[in-house]
Amino acid sequence: QVQLVESGGGKVQPGGSLRLSCAASGILLRAYVMGWYRQAPGKPRDLVATITSSGSTNYADSVKGRFTISRGNANNMVYLQMNNLQPEDTSIYYCYTQSQFNANVEFWGQGTQVTVSS
């Protein structure tokens, strides 16, 4: 069975950094696009970043230059390094994966809370 488990969320001050981790199981990761979305209370779930099996990345304009998505070399891991965090980054962050060959095959993690405040 497929599972995505996030970790690494927490509370930081503006300008601080966090690294989120997502552990994927039950899939051949090289056949899936991995990504991160976020959702604040009362707002839609928005794309943050994606990465393909070949390493191509895509970022929301709001996080370009501050966030970096990457894949681990083993254990089906994906990471989101978040630097210069700002209060508007406060949200629940969700790990996401989608088959590169079937867009209807997708999975979501349960989310991890990120809070940025003084």
Side-chain angles (χ1 to χ4, degrees):
Q1 55 187 11
V2 176
Q3 289 187 339
L4 301 176
V5 180
E6 303 100 330
S7 62
K11 182 180 178 181
V12 297
Q13 296 184 3
S17 298
L18 286 172
R19 189 171 85 153
L20 305 183
S21 299
C22 175
S25 62
I27 60 172
L28 187 63
L29 202 59
R30 68 181 184 182
Y32 286 78
V33 175
M34 302 295 298
W36 292 91
Y37 284 70
R38 65 186 181 185
Q39 186 172 30
K43 293 190 174 183
R45 188 172 296 186
D46 294 326
L47 171 71
V48 177
T50 60
I51 185 168
T52 69
S53 60
S54 64
S56 297
T57 57
N58 183 52
Y59 296 93
D61 288 342
S62 59
V63 306
K64 286 181 179 178
R66 299 189 298 119
F67 291 11
T68 303
I69 188 171
S70 62
R71 289 176 179 263
N73 293 326
N75 301 317
N76 286 348
M77 298 292 295
V78 63
Y79 306 97
L80 185 68
Q81 178 67 45
M82 305 185 294
N83 297 327
N84 192 24
L85 284 161
Q86 301 174 23
E88 51 264 42
D89 296 316
T90 296
S91 188
I92 300 174
Y93 284 71
Y94 296 89
C95 186
Y96 168 84
T97 187
Q98 181 183 63
S99 172
Q100 294 181 168
F101 308 107
N102 188 347
N104 293 320
V105 178
E106 59 181 21
F107 304 95
W108 294 87
Q110 295 300 305
T112 184
Q113 178 70 48
V114 172
T115 302
V116 186
S117 70
S118 301

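Position 1 is the first residue of the sequence, and the numbers go up from there. All values below were derived from every heavy atom in this structure, side-chain atoms included, with hydrogens, water molecules and symmetry-related copies excluded.
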Might you work through the side-chain hydrogen bond (donor to acceptor under 3.5 Å, both in side chains) test for Gln100 and Ser53, ending with a clear yes or no?
CA-CA 9 Å; Gln100 294 181 168; Ser53 60; 3.0 Å; yes
Quick one: do Gln98 and Tyr96 satisfy side-chain hydrogen bond (donor to acceptor under 3.5 Å, both in side chains)? Show the steps, please. CA-CA 7 Å; Gln98 181 183 63; Tyr96 168 84; 3.1 Å; yes
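For the atom pair CG (Asn83) and OG1 (Thr68), the distance works out to 6.5 Å, reported to the nearest 0.5 Å. Here CG of Asn76 is found 9.0 Å from OG1 of Thr97. Values are rounded to the nearest 0.5 Å. Atoms OG1 and OH, on Thr50 and Tyr59 in that order, are 8.5 Å from each other to the nearest 0.5 Å. Rounding to the nearest 0.5 Å gives a distance of 8.0 Å between CG of Leu4 and CZ of Phe107. Rounded to the nearest 0.5 Å, atoms CE (Met77) and OG (Ser7) are 6.0 Å apart.
Between Leu18 and Val116 there is no side-chain heavy-atom pair separated by less than 4.5 Å. Contact of the Leu20 side chain with the Thr112 side chain is registered, since non-hydrogen atoms from C-beta on lie closer than 4.5 Å. Within the 4.5 Å cutoff, no side-chain heavy atoms of Lys11 are placed close to those of Val114. Contact of the Glu6 side chain with the Cys95 side chain is registered, since non-hydrogen atoms from C-beta on lie closer than 4.5 Å. Residues Asp89 and Arg66 have side chains in contact (heavy-atom distance under 4.5 Å, counting atoms from C-beta outward). The shortest side-chain heavy-atom distance between Gln13 and Ser118 does not fall under the 4.5 Å cut-off. Between Ser70 and Gln81 there is no side-chain heavy-atom pair separated by less than 4.5 Å. Counting heavy atoms from C-beta on, the side chains of Val48 and Phe67 come closer than 4.5 Å.
A 6.0 Å sphere centred on CD of Gln110 holds no more than 12 heavy atoms belonging to other residues, nucleotides or ligands.
The closest donor-acceptor contact from the side chain of Thr52 to the backbone of Ser56 lies under 3.5 Å.
Scanning both residues, Ser91 and Ala40, for their nearest heavy atoms gives OG-N, 3.1 Å. In terms of heavy-atom proximity, Tyr37 sits nearest to Arg45 at CB-CG, 3.8 Å. In this structure, Ser17 and Asn84 approach most closely via the heavy-atom pair OG-N, 4.2 Å. Residues Arg71 and Tyr32 come closest through the heavy atom pair NH2-O, 2.6 Å.
Both Trp108 and Leu47 belong to a common hydrophobic cluster when Ile, Leu, Val, Met, Phe, Trp and Tyr are linked at side-chain heavy-atom distances under 4.5 angstrom. Hydrophobic clustering of Ile, Leu, Val, Met, Phe, Trp and Tyr side chains at less than 4.5 Å, counting indirect connections, unites Val2 with Val78.
For Trp36 and Tyr93, the gap between ring centers reaches or exceeds 6.0 Å.
For the residue pair Thr115/Ser117, the side-chain donor-acceptor check at 3.5 Å is not satisfied. With no hydrogens or angles considered, no side-chain donor-acceptor pair links Asn104 and Glu106 at under 3.5 Å.
At least one cation-pi condition fails for Arg38 and Tyr94: the charged atom is not both under 6.0 angstrom from the six-membered ring centre and inside a 45 degree cone around its axis.
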